[in-house]
Amino acid sequence: MSIYDTLNPQQKEAVLHTEGPVLILAGAGSGKTRVLTHRIAYLIEEKGVNPWNIMAITFTNKAAGEMRERVDKIVGFGSESIWVSTFHSSCVRILRRYIDRLGFDHNFTIYDTDDQKSLMKDICKRLQIDTKVHKERAILSAISSAKDELVTPEEYELNNMSDFSKKKIAQAYKEYQKELRKNNALDFDDLIVKTVELFQACPDVLDYYQERFRYIMVDEYQDTNTAQFKFVSLLASKYKNLCVVGDDDQSIYKFRGANIGNILGFEKVFSDAKVIKLEQNYRSTQNILNSANEVIHNNIGRKEKSLWTDNEEGSLVHYRQFMNAYEEAEFIAGDISRKVREADCQYKDCAILYRTNAQSRLFEEKFLMANIPYKLVGGVNFYARKEIKDLLAYLKTVDNARDDLAVRRIINVPKRGIGATTLAKVQDYASEHDMSFYDALKEAENIPTLGRAAAKIEPFVTFVQSLRSKTEYFSPSELLNDIIEETGYVMELKAEGTEEADARIENIDELITKIVSYEEENEDPTLSGFLEEVALIADIDTVDGDGNQVLLMTLHSAKGLEFPYVYLAGMEDGIFPSYMTITADDPAELEEERRLCYVGITRAMKDLTLTCAQQRMIRGETQYNKPSRFIREIPRELVDLGRDFKEQKIKEIPLPNTMKQMKQAFKQPAFIPKQFEVKKSAGLSYNVGDTVKHIKFGVGVVKNIVEGGRDYEVTVDFDKSGTKKMFASFAKLKKVE
DNA sequence: CTCCGAATAGTTTTT
DNA sequence: CTATTCGGAG
């Protein structure tokens with residue numbers, strides 16, 4: 001029996017169909033990674049394809065790493081020469097080799113969002129664009145969208161001649177590209193765009209890579225944008241062995257330019273494409289899968305498919321509503337502790353998913369108090385922290401002499417008495433003589449307007465020059481240590497002695513660890529290489545399965561992952577779906593949110609809990625939200641509303657001290673609005689099937705409980721008065737034993 | 001030039 | 001609520 005016999009018929013077909021274009025529509029949890037890895041193994045072992053000729057593109061470095069690991073396990077040897085990487089790292093690798101053809105240096109810098117913003121700020125000042133009217137962020141996102149669609153500055157301008165504000169953006173776009181080139185830098189989007197440009201401008205380079213990558217596979221294909229599609233189709237246009245895997249129901253990156261047309265129109269572009277659907281889900285219980293199916297069914301623009309599973313029915317989907325976000329977080333923390341204590345699961349089996357990063361704070365707080373180990377994914381990127389960016393800017397300055405942005409960042413860190421006016425004078429001189437900022441610094445004594453300030457610049461230049469001369473025989477980590485030493489960066493922080501400063505020192509230590517481990521993992525470690533790795537790291541990449549801790553992350557980050565126990569928190573209209581999408585007049589936006597919800601639900605293997613809060617602090621203001629409309633889309637019979645009886649059961653269990661304390665601290669909300677008071681204090685002490693007593697109608701049996709906006713609508717079949725519907729807060733029903 | 005406090009604007013989602 | 005920006009004093 002071969003390893004391919006363990007696959008189901010559709011999976012097997014996808015693995016064996018190696019020649020020509022293939023579109024695999026893989027539902028959530030249908031084993032697509034398994035198909036991809038087996039397909040690679042099959043190509044190598046059965047088809048005799050050289051591993052060197054195989055390319056697999058994933059969405060994150062983490063996914064790439066896992067894929068390689070799994071291929072390693074089933075392929076005896078040669079797996080290390082397969083290209084398994086993300087779009088961005090693939091492109092960087094190609095550009096590092098050939099970007100001189102486009103007039104850049106090989107050691108170009110990659111600009112992150114912060115860098116982009118400061119560059120754009122400069123440009124706006126220079127072009128006299130009022131940032132009150134055109135915000136830097138908005139301009140940058142317009143540019144980014146243009147790049148996603150492979151629209152050049154010139155084309156953008158031509159397309160928007162009549163629109164005044166877009167003409168401004170066109171101007172900024174042009175200038176922005178010019179600045180990037182001057183700084184020998186590329187932004188994220190450029191990595192793809194420039195590679196496509198390279199392929200189009202240099203047929204020999206394209207041909208080289210076409211020959212090299214005869215078999216190409218793309219994961220998470222539904223999230224590719226136009227530029228990425230172009231990149232892949234150029235590469236595949238010679239041998240046409242392109243296999244893409246995706247699920248239109250999991251397309252959640254439209255805001256970032258993902259073009260769903262890439263997946264829906266694949267058969268049109270590649271007319272002889274083989275289409276295979278994977279519809280058996282191996283991940284979730286029936287109840288979870290059915291909930292997901294029902295929710296996604298409300299979307300109109302989708303390829304109909306029916307996901308099914310052989311798995312057991314499993315427990316119901318839990319739904320809990322709370323007064324506020326504190327109680328929500330408290331419940332989840334308590335629920336997880338209980339499960340762990342009762343040995344149902346380990347911390348690492350649990351994940352909390354939410355819509356926005358800001359929601360993580362409360363969970364962190366509660367988890368700290370409850371002594372639950374957790375790992376936060378996302379939020380402020382490690383490499384975006386000030387101290388890290390400062391030190392990296394030093395390294396960038398050393399690495400790429402033309403990166404003005406990096407030089408300007410560090411010229412006065414630590415304080416050297418060089419201020420804005422001095423910088424402006426140097427900049428003027430640089431522009432006048434058409435040289436880089438740093439080159440102008442080197443000639444500081446020749447700049448007449450500077451006066452005394454020139455003396456302050458000199459030591460800085462000497463310092464950088466000495467660092468540069470060391471690159472020959474110093475490793476990156478030695479260089480970093482040197483920088484820390486010479487600038488006294490850590491020393492200064494130590495002197496501060498605050499908690500915050502200590503945290504920064506810790507971060508710097510972590511950076512040192514990272515650079516050392518980079519050197520250990522790579523045969524030929526270079527400064528450029530390290531900076532590149534750092535620039536392309538995603539939050540999720542740093543997550544490993546080693547630690548036994550609860551994972552906290554956004555729904556977006558959770559794509560492609562699975563957990564036995566999943567909590568979807570903040571299920572409220574206005575949070576999820578977000579306020580923006582509810583008020584937008586484009587129903588497609590709501591559909592994207594629904595797909596996000598689908599992604600969230602299908603992350604769960606065994607157990608899913610949905611929670612929401614009636615009031616929540618957002619930006620210092622209290623908001624009152626209705627339960628998410630997505631909740632209502634799950635059939636009632638699949639949901640456990642877990643009233644009284646279950647909640648009491650939870651409370652009976654002795655709580656650890658920390659939990660008691662935290663209960664105490666958050667027991668009393670500062671302010672409870674009147675309309676909720678009734679419901680909060682009363683709760684519902686009865687469930688469907690219970691016998692209750694009404695002050696006027698007498699005794700009856702509860703037939704149904706329906707959740708309304710701020711109250712429960714209860715249907716009771718009374719012995720004497722017949723069936724009545726009433727609101728729980730007014731009816732004052734009492735349970736009869 | 002630097003430091004500090006006050007004012008102000010802002011939040012989806014990310015490679 | 002919080003991160004960033006701005007303005008004025010030293």
Side-chain angles (χ1 to χ4, degrees), chain A residues 57-64 85-92 110-114 116-118 121 131-132 135-138 140-141 144 147-148 186-193 220 223-225 227-228 251-258 325 353-362 377-381 383-386 412-424 452-453 456 532 534-541 553-560 570 574-584 589-590 592-593 595-597 599-600 616-623:
Chain A
I57 300 179
T58 61
F59 204 68
T60 62
N61 295 300
K62 182 176 193 277
S85 65
T86 64
F87 274 104
H88 294 269
S89 359
S90 303
C91 288
V92 171
I110 300 165
Y111 276 3
D112 69 12
T113 332
D114 272 359
Q116 294 181 348
K117 220 171 130 198
S118 28
K121 219 170 143 189
T131 51
K132 290 261 154 57
K135 303 205 170 71
E136 294 100 326
R137 271 193 41 158
L140 282 167
S141 86
S144 173
K147 287 181 178 177
D148 287 344
L186 301 182
D187 66 16
F188 283 122
D189 304 309
D190 277 343
L191 296 177
I192 317 284
V193 174
E220 307 283 10
D223 288 321
T224 53
N225 62 33
Q228 290 162 336
S251 159
I252 53 173
Y253 283 107
K254 196 162 140 243
F255 72 94
R256 213 178 62 194
L353 311 181
Y354 36 78
R355 181 66 237 270
T356 64
N357 278 308
Q359 286 167 257
S360 65
R361 280 201 39 183
L362 281 176
V377 180
V380 195
N381 192 326
Y383 293 101
R385 301 200 169 126
K386 288 165 223 77
N412 204 28
V413 177
K415 303 262 179 304
R416 296 187 176 91
I418 305 168
T421 37
T422 311
L423 292 184
R452 292 198 313 279
K456 290 174 179 165
E532 163 191 323
V534 155
L536 295 180
I537 212 111
D539 295 318
I540 195 75
D541 296 337
M553 67 181 101
T554 63
L555 286 150
H556 283 87
S557 308
K559 193 186 67 167
I575 306 281
F576 185 34
S578 79
Y579 182 71
M580 306 282 282
T581 50
I582 294 175
T583 48
E589 291 201 24
L590 201 96
E592 175 139 325
E593 294 278 298
R595 288 194 291 270
L596 193 55
C597 183
V599 168
R616 184 182 291 274
M617 285 276 264
I618 299 208
R619 299 221 306 268
E621 268 177 298
T622 308
Q623 271 189 14

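Please read all numbers here as calculations on a predicted model, not as lab measurements. The chains referred to below are lettered A, B, ... by the order of the sequence lines, with proteins before strands, and numbering in each begins at 1.
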| request: Describe the nucleic acid contact of A/K121 in one word from base, sugar-phosphate, nothing, applying a heavy-atom distance below 4.0 Å. | output: sugar-phosphate
| message | Using a 4.0 Å heavy-atom cut-off, does A/R595 contact any base of the nucleic acid, only the sugar-phosphate backbone, or nothing at all? | response | nothing
| Terminal contacting nucleotides, 5' and 3', DNA chain C versus chain A (heavy atom, 4.0 Å) | C/dC1 to C/dT5
| query | To the nearest 0.5 Å, how far apart are OG in A/S557 and CG in A/D541? | reply | 10.5 Å
| P spacing across the pair C/dT4 / B/dT13, given as an integer number of angstrom | 15 Å
| What distance, rounded to whole Å, do you find between the two C1' atoms, one in C/dC6 and one in B/dT11? | 22 Å
| task | Kindly write out the residues that satisfy side chain to side chain contact (heavy atoms under 4.5 Å, CB included) with A/A535, not counting sequence neighbours, or none if the list is empty. | result | A/I110
| note | From the list A/N225, A/D189, A/D187, side chain to side chain donor-acceptor pair (under 3.5 Å) with A/K147 holds only for A/D187
| field | A/R256/A/D148 ion pair, N-O < 4.0 Å | value | no
| request: Spell out protein contact along nucleotides 5-15 of chain B as letters: B when the base is contacted, S when just the sugar-phosphate is, - when no protein heavy atom is under 4.0 Å; keep the 5' to 3' order. | output: -----BSBBBB
| Is the backbone N or O of A/L191 less than 3.5 Å from a side-chain atom of A/H88, with the two atoms forming a donor-acceptor pair by type? | no
| message | Please check if the number of heavy atoms outside A/Y579 that lie under 6.0 Å from its OH is greater than 12. | response | no
| field | Short side-chain N/O contact to B/dC3 OP1/OP2 from A/K415, under 4.0 Å | value | yes
| Does some side-chain heavy atom of A/Q359 sit less than 4.5 Å from a side-chain heavy atom of A/T356? | yes
| field | Side chain proximity check, A/D190 to A/Y111, heavy atoms < 4.5 angstrom | value | no
